[in-house]
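Below: the structure, in structure tokens.
Just so it is clear: chains get the letters A, B, ... in the order the sequence lines come, proteins before strands, and each one is counted from 1.
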Amino acid sequence: MPVSRYSLLGTRYSKTMHRWSELFIPTLREAPADAEVASHKFLVRAGYIRQLAAGIYSYLFLGNRSFNKIIRIVREEMDKIGQEYYLPALHPRELWEASGRYALMGENLFRLKDRKGTDMCLGMTEEEVMTSIALKELRSYKQLPQIWYQIAPKFRDEPRPRSGLLRVRQFMMKDSYSFDIDAAGLDVSYKKHYEAYCRIFDRCGLKYMVVEADSGAMGGKESHEFMVRTPAGEDQIVSCDGCDYAANMEKATSKLEAVTDLVAEGDGKPLLVHTPGQKTIEEVARYLGVSPKNKIKTLAYMADEVDEKGKKKSRAIVVLMRGDHQLNEAKFNATVATATRPMEEPEIEALFNSPAGYLGPLGIEWARDLKNHGGKPLLLVDKALEGRVNLIAGANKKDYHLKNLTPGKDFHPTAYADLRSVTAGEACPNCGKPLRIDTAVEVGHIFKLGYRYSESMGLRVLDRNGKEVMPIMGCYGIGIERILTAAVEQGNDNDGFWLPAAIAPFEVVVAPVNVKDEAVRNASEDIAKRLEAAGFDVVLDDRDERPGVKFKDADLVGIPFRITVGKKVTEGTVEVVLRETREVCDVTISAIVEYLQGVLRRSG
RNA sequence: CGGGGCGUAGCGCAGCCUGGUAGCGCACCUGCCUUGGGCGCAGGGGGUCGUAGGUUCAAAUCCUAUCGCCCCGACCA
């Protein structure tokens with residue numbers, strides 16, 4: 001069977017040759033006005049999707065075919081490492097309260113009531129459901145490890161759905177969960193996912209990169225994101241062309257060039273200097289004739305917390321950065337493990353006894369420890385300031401700054417932490433070459449969860465000594481429509497897009513130039529049938545349309561190969577057109593199957 | 001949630017300021033014509049002007065409310 005070729009690609013959709021004239025492929029000459037990004041415009045124009053509501057889309061014939069091909073690849077690879085489940089999307093409130101996420105997820109969780117008035121919600125992910133199964137069923141270390149997954153719709157009431165399929169409210173997700181007896185086991189499950197994900201994205205034809213990611217405030221240890229570079233993306237990733245370093249902005253670091261510290265003035269003690277009207281870092285630096293690198297930027301935040309009794313309390317958190325550096329709020333929030341907001345003017349006055357613009361770390365009693373802070377304000381200092389001397393900061397007095405400030409000597413930070421956003425061109429922490437920053441779409445995420453759910457939901461098994469232990473978990477996600485979206489973003493031009501053959505709705509479109517010409521028509525039918533028999537997903541454009549119409553549609557809808565059947569059939573020849581390069585090649589009709597198999601093998 | 005924009009035929013838009021017959025291009029239907037890049041000619045169908053209320057002799061147009069969609073920001077295990 002020539003189908004053996006398909007063990008290579010493994011994407012054959014169904015054993016049916018489709019005739020364009022009988023299909024519903026509503027292509028549009030113009031994109032809807034509200035589409036901004038390329039993938040959104042083209043998927044609508046190509047008749048893949050139609051919008052139902054903000055962030056909610058219907059998949060038409062072509063879209064669904066591509067979608068199913070992606071799912072098939074994901075399923076095949078996941079089946080190699082885990083077991084597929086099918087879990088409900090409709091969850092009882094209690095389940096989410098058990099994990100503490102009912103409150104945590106806030107407005108992003110879709111909530112509804114059943115007829116009896118019972119609170120329900122729509123699943124955003126399935127940690128709770130999977131863990132509850134594990135909770136009821138897993139008893140012994142002998143049953144571990146387990147990897148369970150599903151491919152099912154997820155619901156998130158996003159504050160702002162956008163960019164077509166990139167950020168939506170209902171989407172298809174492959175989510176899997178691993179349960180291991182110990183951290184070493186989790187390492188294995190994690191690695192299996194890492195490798196499976198690489199195979200999945202490779203087979204889907206994506207040019208992706210794997211970046212170190214922040215595991216957030218969830219207490220996880222290790223996390224990687226699978227990213228596809230595209231200007232349409234919402235994430236920023238930092239990477240190095242010189243080595244394989246790559247991380248997202250929340251995690252990225254860089255090697256900083258050494259800074260020349262100022263020489264102490266006077267007796268070396270903090271020295272008050274008059275800086276009338278000079279508020280910004282730039283103004284002060286220029287006024288004093290120093291570089292912003294020798295200045296301290298003082299940022300004031302509040303963490304609003306609610307204690308067990310429901311009482312609100314706010315804690316002041318002050319951050320010191322090098323004058324020319326930007327605070328990364330994700331790093332900051334991860335460090336303090338809570339949500340924060342900038343201080344308001346009265347709060348600044350209350351803590352510093354000074355107007356904004358002249359803030360500094362002196363004269364305030366800071367907490368000694370991040371956890372046991374005793375209600376005192378926290379002073380977090382960015383690592384770039386560690387070891388620096390004779391810096392300049394605000395004096396907490398209008399129109400005055402202080403010179404000769406040395407952290408650890410003149411004031412005592414609660415903690416040093418990496419709080420800085422890397423900027424493009426800084427040196428790679430591994431090899432020193434300049435770093436680049438790109439926007440990207442996150443198509444997959446693997447994450448060592450740890451004991452977050454085992455603990456909150458009370459998951460225990462007996463180990464080989466008969467002792468109760470908490471299994472350790474990992475969770476792993478892939479956004480199905482994001483694969484499609486990223487593929488479209490990755491391959492498009494003015495006329496449309498081309499998908500990698502493995503995820504294209506059809507691999508080949510056979511386009512007879514004139515269906516009223518009997519020789520052309522017969523040859524087209526013959527070619528389409530032979531390709532179909534050889535295992536290709538093929539569509540025959542048998543519409544009685546002018547060639548221009550067929551070519552335009554073929555260019556638009558993402559099919560990677562076109563066979564144009566025209567006058568040259570009388571010589572026994574047709575044209576094979578590669579959509580991506582527009583390379584055209586005359587091929588003998590009798591050799592067409594072998595030819596395409598060869599092309600596919602090279603491109604696939 | 002803050003800021004901005006838009007809802008008129010399937011799609012893209014004009015008309016609104018200055019109230020008085022609802023229009024254009026594409027798509028669609030019929031016929032003829034044409035057949036290697038959205039061809040041409042002729043004829044034709046299709047719109048509660050997002051919704052509700054108000055002002056007016058008269059509202060797509062002015063006023064109020066409301067719903068929806070898009071963009072920027074905030075948010076995003």
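In this structure, the nucleotide among A77(B), C70(B), G25(B) sitting nearest to the side chain of Glu30(A) is G25(B).
Remark: P of C72(B) and CG of Leu166(A) are 11 Å apart, rounded to the nearest angstrom. Rounded to an integer number of Å, the gap from CD of Glu158(A) to C1' of G73(B) is 15 Å. As a whole-Å value, the separation of Asp34(A) CG from G7(B) P is 12 Å.
Remark: the separation of the P atoms in C71(B) and U35(B) is 45 Å, to the nearest Å. Separation of the C1' atoms belonging to C67(B) and G50(B) is 7 Å when rounded to the nearest angstrom. The P atoms of U48(B) and G3(B) are separated by 35 Å, rounded to the nearest whole Å. Going from the P atom of C49(B) to that of C62(B) covers 15 Å, rounded to whole Å. As rounded to the nearest Å, U8(B) and G25(B) have C1' atoms that lie 15 Å from one another. G37(B) and C29(B): their P atoms are spaced 23 Å apart (whole Å). Comparing the same atom, P, in C75(B) and in G38(B) gives a spacing of 49 Å after rounding to whole Å. Look at the C1' atom in both C28(B) and G45(B): the space between them is 8 Å, to the nearest Å.
A search for side-chain hydrogen bond (donor to acceptor under 3.5 Å, both in side chains) contacts involving Lys550(A) returns nothing, not counting sequence neighbours. Taking Phe42(A) as the reference, nothing meets the ring-ring contact (aromatic ring centres under 6.0 Å, His included) condition, with sequence neighbours excluded. Legend: residues meeting side-chain contact (heavy atoms from CB on, under 4.5 Å) with Lys192(A), ordered by chain and number and at least two apart, are Ile81(A), Ile147(A), Val188(A). Applying the side-chain contact (heavy atoms from CB on, under 4.5 Å) rule to Gln170(A) yields the partners Pro153(A), Phe155(A); only residues at least two apart in sequence or on another chain are considered. Applying the salt bridge (Lys or Arg N to Asp or Glu O under 4.0 Å) criterion to Glu195(A), with sequence neighbours excluded, gives Lys191(A). By the side-chain contact (heavy atoms from CB on, under 4.5 Å) test, Val576(A) is found to be paired with Ile563(A), Leu578(A), Val587(A), Ile592(A), Tyr595(A), Leu596(A), residues two or more places apart in sequence or in another chain being considered. With sequence neighbours left out, Gln146(A) forms a side-chain contact (heavy atoms from CB on, under 4.5 Å) with Gln83(A), Leu138(A), Leu144(A), Trp148(A), Phe179(A).
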*asked:* Within the 4.0 Å limit for protein heavy atoms, which parts of nucleotides 28-40 of chain B are touched? Write it as a string from 5' to 3', B for base, S for sugar-phosphate only, - for none.
replied: ------BBBBBB-
*Go along nucleotides 41-48 of chain B 5' to 3' and tag each nucleotide: B for a protein heavy atom under 4.0 Å from its base, S when only backbone or sugar atoms are that close, - otherwise.*
--------
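With rounding to the nearest 0.5 angstrom, the CD atom of Glu329(A) is 12.0 Å from the CE atom of Met249(A).
Residues from residues 475-487 of chain A placing a heavy atom under 4.0 Å of any atom in RNA chain B do not occur.
The phosphate of G68(B) (OP1 or OP2) has no side-chain N or O of Gln51(A) nearer than 4.0 angstrom.
The residue from Glu481(A), Glu489(A), Arg482(A) that alone fulfils the side chain to side chain donor-acceptor pair (under 3.5 Å) condition with Ser39(A) is Glu489(A).
Taking the six-membered ring for Trp and the full ring otherwise, Phe226(A) and Tyr194(A) have centroids separated by under 6.0 Å.
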Give me the distances for all protein-to-nucleotides 1-4 of chain B N/O pairs that come in under 3.5 Å?
none

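Each of Ala31(A) and Arg156(A) lies near RNA chain B, and the nucleotide nearest Ala31(A) is the one positioned closer to the 5' end.
Judged by a 6.0 Å distance limit and a 45° cone about the ring axis, Arg562(A) is positioned over the six-membered ring of Phe551(A). The side-chain tip of Arg50(A) does not point at the ring of Tyr57(A) from less than 6.0 angstrom away and within 45° of straight on.
Classification of the Tyr208(A)-Phe201(A) ring pair by plane angle, with boundaries at 30° and 60°, yields tilted.
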List the atom pairs, donor and acceptor, that lie under 3.5 Å between side-chain atoms in residues 26-36 of chain A and the rest of the protein, sequence neighbours left out.
residue, atom, partner, partner atom, Å
Thr27(A), OG1, Asp553(A), OD1, 2.9

